[in-house]
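Presented below is the structure to which this report refers.
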There are 2 protein chains.
Amino acid sequence: MPDILHRFEVKASPADAYRALATLEGLAGWWTTDTRGSTAVGGVIEFVFGTRGKIDMKVLEAQPDKRVLWQVLAGPDAWAGTTVGFELRQDGDYTVVLFKHEGWKEPSEMMHHCTTKWAVFLLSIKALVETGTGTPFPNDVHITGSGD
Amino acid sequence: MPDILHRFEVKASPADAYRALATLEGLAGWWTTDTRGSTAVGGVIEFVFGTRGKIDMKVLEAQPDKRVLWQVLAGPDAWAGTTVGFELRQDGDYTVVLFKHEGWKEPSEMMHHCTTKWAVFLLSIKALVETGTGTPFPNDVHITGSGD
């Protein structure tokens, strides 16, 4: 099965990077300003994108400063059965972030789109952690004519 | 084998998008300012990234306003045997760009990195075509501490 795999580095500690992935305030700072729910293991985080839709993630793993893994409970049809994970590793003054969105059934155009759009949001994580300001929805960079 | 797959839309005609992919001036406007060689089928395009390295691509296909396909002749070790392709399709006022970097032997960290970095350069294509100004090397967005 095809996977979406990304890697980037942020000039910050793993603890600072982890905060962006494992707290509602952090997540609201880079993915969507309307983020609700619980980031604890077993909890459900709701990511609301206005009238464009909603993604619910069940938190499967949350190892401080190391790893976050979510299971998609609700979202785009093509996301059914997929998981989204982040692994953190310190490297000098930087934290390496490995991102994996796994379990896609096929390499559809939707998967191509999500690969690019994830990059937009991962760069938003980098900006948030390094500068304090990300570009979460509805201030995200659009890569389609329909505003996605 | 894992592939890097991206999709984005540019507000421009397929002809304008194609120019960014199939002319030295276009390529120099989004990937690296130091782009040399021949973009004709059978030709070799040299993409020079200062002291950071050089990528040579043999042009396998160049179908005006529709498709470009390159074979990697020289570049990072992990790129050996891979191809890079762009497919264009008009959709109203936009052109859909499907990108594929195929033939990777394994989903290495280098592949993760290149997925994210390709997004940076694909957003540079979008900016170039829509505004006339991209962010080619050495003005590209860095996603690692070492300046990649």
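Residues A:W30 and B:V141 are members of one and the same hydrophobic cluster, defined by side-chain heavy-atom contacts under 4.5 angstrom among Ile, Leu, Val, Met, Phe, Trp and Tyr.
Looking at A:L123, only its side chain comes within 4.5 Å of chain B, counting heavy atoms on both sides. When heavy atoms are compared at a cutoff of 4.5 Å, A:K117 does not approach chain B at all. Neither the backbone nor the side chain of A:V97 comes within contact range of chain B; no heavy atoms are under 4.5 Å apart. Neither the backbone nor the side chain of A:K11 comes within contact range of chain B, judged by heavy atoms closer than 4.5 Å.
Contacts of residues 35-63 of chain A with chain B at a heavy-atom distance below 4.5 Å are absent; not one residue qualifies.
Side-chain N or O atoms of A:K105 include none that pairs as donor or acceptor with a backbone N or O of A:A78 at under 3.5 Å.
Of the residues B:F86, B:W118, B:F137, the one that meets the ring pair (Phe, Tyr, Trp, His ring centres under 6.0 Å) test with B:W31 is B:W118.
A:Y94 belongs to no hydrophobic cluster, as no Ile, Leu, Val, Met, Phe, Trp or Tyr side chain comes under 4.5 Å of its own.
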I would like to know whether A:T115 and B:F99 meet side chain to side chain contact (heavy atoms under 4.5 Å, CB included); could you show each step before the answer?
-> CA-CA 11 Å; A:T115 304; B:F99 169 91; over 6 Å; no
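Between the side chains of B:S146 and B:T144, at least one donor N or O lies within less than 3.5 Å of an accepting N or O.
Qualifying salt bridge (Lys or Arg N to Asp or Glu O under 4.0 Å) partners for B:E109, counting only residues two or more places apart in sequence or in other chains: A:R7, A:R89.
Residue pairs meeting the side-chain hydrogen bond (donor to acceptor under 3.5 Å, both in side chains) criterion with at least one partner in residues 74-86 of chain A, sequence neighbours excluded, are A:T82-A:H101.
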